[in-house]
> 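Here you go, one structure.
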Amino acid sequence: MKTRPFSRFSIPRHLYIYLLFSFGSMALFSCSSTLKTASSNKSAANTAAKGPRFLDGISVNPGDRVSSRNKSYGYSEKAPEEDKTETDNSHLSLNESTLVSKYATILGVEDKKVSNIDLIEEIDDWYGTPYRFGGSSKNGIDCSAFSRTLSNDVFNVSLPRTAEEQYDYCDHIKKSQLKQGDLVFFHTSGRSRITHVGVYLQNGKFVHASTSSGVMISDLDEYYWKRAYRAAGRIPKDNVTKN
């Protein structure tokens, strides 16, 4: 029997099978990786086309503002649009506009809240007039004469002469119901239940003729006036006639 010559290049059978299996596994792994890479690239392309996506299905585009319940992540809620409505002061003269700004500052309100030009002109005309008991002129005026003059000239109503008579004449209202033109009453001294009166403006402020500084604007929340405050009154429209 003839024997096959030995070849130095011959490979044992079991080693051949092992190598064949190894090369097959490598080829299969390479194909799988290629498929995954292609799938990932396709997914990234779809995401780029649709825009970035985050948790809870929230998507955003460049320029959008978003926020989380717990963190801002560098963004904030869209700010409300500014109110661009402006009061038309085109009909006011320069002096009137200046006067509006002046009394808006004193009252602590915006200019557009000061709308009664006749009222602030009358107050400005009397402002600083010294107090004089029984007086009713620019040389000196008392509180009830001033409230009577202001109500007559600006609000077209007539009031009795004294503070106590004005108190009795008015319909009494709650402090929280005060409106511009109403009267505020105080007990500052003496035996009378009402000894002082002023005309309410707005934002807790009233104008009056004080014994210390004459015609001025004060605040109902100031300690002195808060302690002396007694009542608020509204002039009954049906019972008032102009002098």
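When a residue number appears, it is its place in the shown sequence, counting from 1. Atom set for the values below is all heavy atoms of this structure, side chains included, hydrogens, waters and symmetry mates excluded.
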> When you group the ILVMFWY residues by side-chain heavy-atom contacts below 4.5 Å and let the links chain together, are Ile194 and Tyr229 in the same group?
no
> Can you give the donor-acceptor pairs under 3.5 Å from side chains of residues 131-140 to other protein atoms, not counting sequence neighbours?
from	atom 1	to	atom 2	distance (Å)
Ser137	OG	Asn139	N	3.3
Lys138	NZ	Asp125	OD2	2.9

> Between Ser210 (side chain) and Gly214 (backbone), is there a donor-acceptor pair under 3.5 Å?
yes
> For Tyr167, enumerate each residue passing the ring-ring contact (aromatic ring centres under 6.0 Å, His included) test, keeping only those at least two apart in sequence or located in another chain.
His172, Phe185
> Where do Ser93 and Glu96 come nearest, in terms of heavy atoms and distance?
N-OE1, 2.9 Å
> Does the side chain to side chain donor-acceptor pair (under 3.5 Å) test come out yes or no for Ser144 and Gln166, once each step is laid out?
CA-CA 8 Å; Ser144 58; Gln166 291 175 12; 4.9 Å; no
> How long is the straight-line distance from CD1 of Ile117 back to NE2 of His91, given to the nearest 0.5 Å?
6.0 Å
> Quick one: list whatever passes side chain to side chain contact (heavy atoms under 4.5 Å, CB included) with Ser115, sequence neighbours left out.
none
> Side-chain heavy atoms under 4.5 angstrom apart, residues restricted to Ile, Leu, Val, Met, Phe, Trp, Tyr: same cluster for Tyr224 and Met216?
no
> Give every residue pair that meets the salt bridge (charged side-chain N to carboxylate O under 4.0 Å, His left out) criterion with at least one member in residues 175-185, sequence neighbours excluded.
Asp182-Arg234
> So which heavy atom on Leu183 is nearest to which on Leu178, and how close?
O-CD2, 4.1 Å
> Contact between Glu165 and Leu159 at the side-chain level, heavy atoms closer than 4.5 Å - yes or no?
no
> Test: salt bridge (charged side-chain N to carboxylate O under 4.0 Å, His left out). Region: residues 203-220. Which pairs qualify, not counting sequence neighbours?
Lys205-Asp219
> Would you name the heavy atoms of Ser151 and Ile235 that are closest together and state the gap between them?
OG-CD1, 4.1 Å
> Let's go through Asp142 and Arg161 carefully: what are the C-alpha distance in whole Å and the side-chain angles of both, what is the deciding distance for salt bridge (Lys or Arg N to Asp or Glu O under 4.0 Å) to 0.1 Å, and is it a yes or a no?
CA-CA 10 Å; Asp142 64 21; Arg161 177 62 179 85; 3.2 Å; yes
> Does Phe186 have its ring centroid less than 6.0 Å away from the ring centroid of Phe206?
yes
> Which atoms form the tightest heavy-atom contact between Ile173 and Gly233, and what is the distance?
CG1-N, 4.2 Å
> Are Ile120 and Leu201 side-chain neighbours, meaning at least one heavy-atom pair lies under 4.5 Å?
no
> Measure across Phe155 and Gly181 and return the closest heavy-atom pair with its distance rounded to 0.1 Å.
CZ-CA, 3.6 Å
> Tell me whether Val207 shares a hydrophobic cluster with Val109, the cluster being built from Ile, Leu, Val, Met, Phe, Trp, Tyr side chains joined at under 4.5 Å.
yes
> At what distance, to the nearest 0.5 angstrom, does CD of Gln180 lie from CG of Leu107?
8.5 Å
> Hey, what's the ring geometry for Trp225 with His196, parallel, tilted or perpendicular (30° and 60° as the breaks)?
parallel
> Decide yes or no on side-chain contact (heavy atoms from CB on, under 4.5 Å) for Thr149 and Glu122, but give the supporting numbers first.
CA-CA 10 Å; Thr149 299; Glu122 183 79 4; 4.1 Å; yes
> Assess the side chains of Ser101 and Asp111: does a donor N or O sit below 3.5 Å from an acceptor N or O?
yes
> What pair of heavy atoms forms the shortest contact from Ala209 to Cys143, and how long is it?
O-CB, 3.7 Å
> Report yes or no: do Phe146 and Tyr200 belong to one cluster of Ile/Leu/Val/Met/Phe/Trp/Tyr joined by side chain heavy-atom distances under 4.5 Å?
no
> Under 3.5 Å, is there a donor on one side chain and an acceptor on the other for Ser218 and His208?
yes
> Verify, without hydrogens or angle tests, whether Thr129 (side chain) and Trp126 (backbone) share a donor-acceptor contact under 3.5 angstrom.
yes
> Among all residues two or more places apart in sequence or in another chain, which pass the ring-ring contact (aromatic ring centres under 6.0 Å, His included) test with Tyr103?
none
> If hydrophobic clusters are built from ILVMFWY residues whose side chains come within less than 4.5 Å, do Val199 and Val184 share one?
no
> Report, as yes or no, whether the 6.0 Å neighbourhood of atom CD on Gln177 holds more than 12 heavy atoms from other residues, nucleotides or ligands.
yes
> Donor-acceptor pair, distance only, cut-off 3.5 Å: does the side chain of Asp118 make one with the backbone of Val154?
no
